[in-house]
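First up is the structure itself, then whatever we jot down about it.
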Amino acid sequence: MLGWSPEIFWKATAAEFEMTVEGLSGNVRGGPFISREEVRRIAAEHGVRPSLKGNPNAKTIGGGP
């Protein structure tokens with residue numbers, strides 16, 4: 001249904017998966033996947049980690065540049 005390879009599926013984040021399913025079903029909520037407060041709580045619980053955007057080996061999912 002998604003048209004993703006297994007590699008892309010397993011590398012996708014929960015947000016990417018949810019947005020894809022919403023888009024394919026035509027049921028797009030348009031709201032944030034996670035609240036800022038939830039992000040703060042998770043960061044406090046698990047600590048801050050480097051962004052994947054800065055990783056030279058990171059790849060874009062979905063055919064973007």
Side-chain angles (χ1 to χ4, degrees):
M1 176 179 172
L2 298 178
W4 291 358
S5 69
E7 178 185 14
I8 296 298
F9 175 82
W10 290 112
K11 288 183 178 181
T13 65
E16 291 165 333
F17 180 76
E18 182 176 14
M19 288 186 289
T20 301
V21 171
E22 286 178 0
L24 289 171
S25 69
N27 186 21
V28 179
R29 294 183 315 190
F33 173 73
I34 187 170
S35 70
R36 291 182 185 268
E37 188 56 40
E38 185 71 3
V39 170
R40 286 186 195 98
R41 184 192 67 72
I42 292 169
E45 185 176 328
H46 297 283
V48 177
R49 303 223 170 105
S51 171
L52 290 176
K53 292 179 182 179
N55 183 335
N57 297 320
K59 296 181 182 174
T60 302
I61 296 175

Please identify each residue that fulfils salt bridge (Lys or Arg N to Asp or Glu O under 4.0 Å) with E22, with sequence neighbours left out.
->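 For E22 the salt bridge (Lys or Arg N to Asp or Glu O under 4.0 Å) partners, ignoring immediate neighbours, are R29.
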Contacts of R40 that satisfy salt bridge (Lys or Arg N to Asp or Glu O under 4.0 Å) - sequence neighbours left out = E37
Within the distance-only criterion (no hydrogens, no angle test), does the side chain of E38 pair as donor or acceptor with the backbone N or O of S35 below 3.5 angstrom?
->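 No; judged by distance alone, with no hydrogens or angles, the pair does not exist.
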Quick one: do V21 and W10 end up in the same hydrophobic cluster if we chain Ile, Leu, Val, Met, Phe, Trp and Tyr together by side-chain heavy atoms under 4.5 Å apart?
->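 Yes.
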With F9, which residues qualify under side chain to side chain contact (heavy atoms under 4.5 Å, CB included), at least two apart?
->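 If we apply the side chain to side chain contact (heavy atoms under 4.5 Å, CB included) test to F9, skipping adjacent residues, the hits are L2, W4, F17.
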In chain order, what residues pass the side chain to side chain contact (heavy atoms under 4.5 Å, CB included) check against V39, with sequence neighbours excluded?
->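 Result, side chain to side chain contact (heavy atoms under 4.5 Å, CB included) vs V39: I34.
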Can you pull the salt bridge (Lys or Arg N to Asp or Glu O under 4.0 Å) pairs that have at least one residue in residues 2-12, sequence neighbours excluded?
->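 Listed by first then second residue: E7-K11.
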